[in-house]
Amino acid sequence: DSNPGRSATTVCSPLQWGWYRGRRVSKVELKPESGRRHQLRVHLLDANHPIVGDATYSDDAERCIDDPENPPRMMLHAWRLQIPLPPPTNEQRFETQDPFLNLIEESCTSRMDSHSESELGT
């Protein structure tokens, strides 16, 4: 490719693995160190681990929209956001529940060791 675009880095840490509708899946924590459009989706696809339900960057794009095997949505969720703001407001932090908590048929539920962390990038 003659136009590689701007560089981007995402830190990826595996949290859990198991099965979703007969497909082996992993739950990961992603920490983008840059902010490029579709960065997380592209990095996971490039690592051969596309996001379940991503109709643009996965095999789910080839399925019929009415296919009952399709996930109900793309399984990408920001459970915590930290937004640095200038004083007097300072940092704002928001957290929410995991909407995918009961969707994975579990094979391993403990947090995988931190040595599994890897850096994805372009």
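What you are looking at is a predicted structure, and each value in this text was computed from that prediction instead of being measured.
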Heavy-atom distance under 4.5 Å between the side chains of [X] and [Y], does that happen here?
{"X": "S26", "Y": "W17", "value": "yes"}
{"X": "Y20", "Y": "M75", "value": "yes"}
{"X": "D98", "Y": "K27", "value": "yes"}
{"X": "L30", "Y": "V11", "value": "no"}
{"X": "L45", "Y": "I51", "value": "no"}
{"X": "T56", "Y": "M74", "value": "no"}
{"X": "I83", "Y": "F94", "value": "yes"}

Transitively linked via ILVMFWY side-chain contacts under 4.5 Å: L76 with V28?
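They do share one cluster, since a chain of ILVMFWY contacts under 4.5 Å joins L76 to V28.
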Taking all non-hydrogen atoms of both residues, which atom of [X] and which atom of [Y] are closest, and how far apart?
{"X": "H43", "Y": "A8", "value": "CE1-O, 3.4 Å"}
{"X": "H77", "Y": "F100", "value": "CB-CE1, 3.6 Å"}
{"X": "A78", "Y": "T96", "value": "O-CG2, 3.6 Å"}

### Message
Please enumerate all residues that pass ring-ring contact (aromatic ring centres under 6.0 Å, His included) together with H49, with sequence neighbours excluded.
### Response
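Partners of H49 by the ring-ring contact (aromatic ring centres under 6.0 Å, His included) criterion come out as none, since no residue qualifies.
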| Who are the side-chain contact (heavy atoms from CB on, under 4.5 Å) partners of R80, not counting sequence neighbours? |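 With neighbours one apart ignored, the set is Q82, R93, E95.
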Query raised in the report: Per the side chain to side chain donor-acceptor pair (under 3.5 Å) rule, which among R41, R73, H38 passes with D54?
Result: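 So the option named by the test is R41.
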* Asked: Any donor-acceptor pair under 3.5 Å linking the side chain of E29 with the backbone of L15?
  ->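 Not confirmed, E29 side chain does not pair with L15 backbone.
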Would you confirm whether S58, through its side chain, and V52, through its main-chain N or O, come within 3.5 Å as a donor-acceptor pair?
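No, S58 side chain to V52 backbone: no donor-acceptor pair under 3.5 Å.
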Would you please say whether a donor-acceptor pair under 3.5 Å links the side chains of E33 and T10?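 No.
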Just wondering, more than 12 heavy atoms not from Q97 lying within 6.0 Å of its CD?
->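 No, CD of Q97 has 12 or fewer neighbouring heavy atoms, counting only those of other groups under 6.0 Å.
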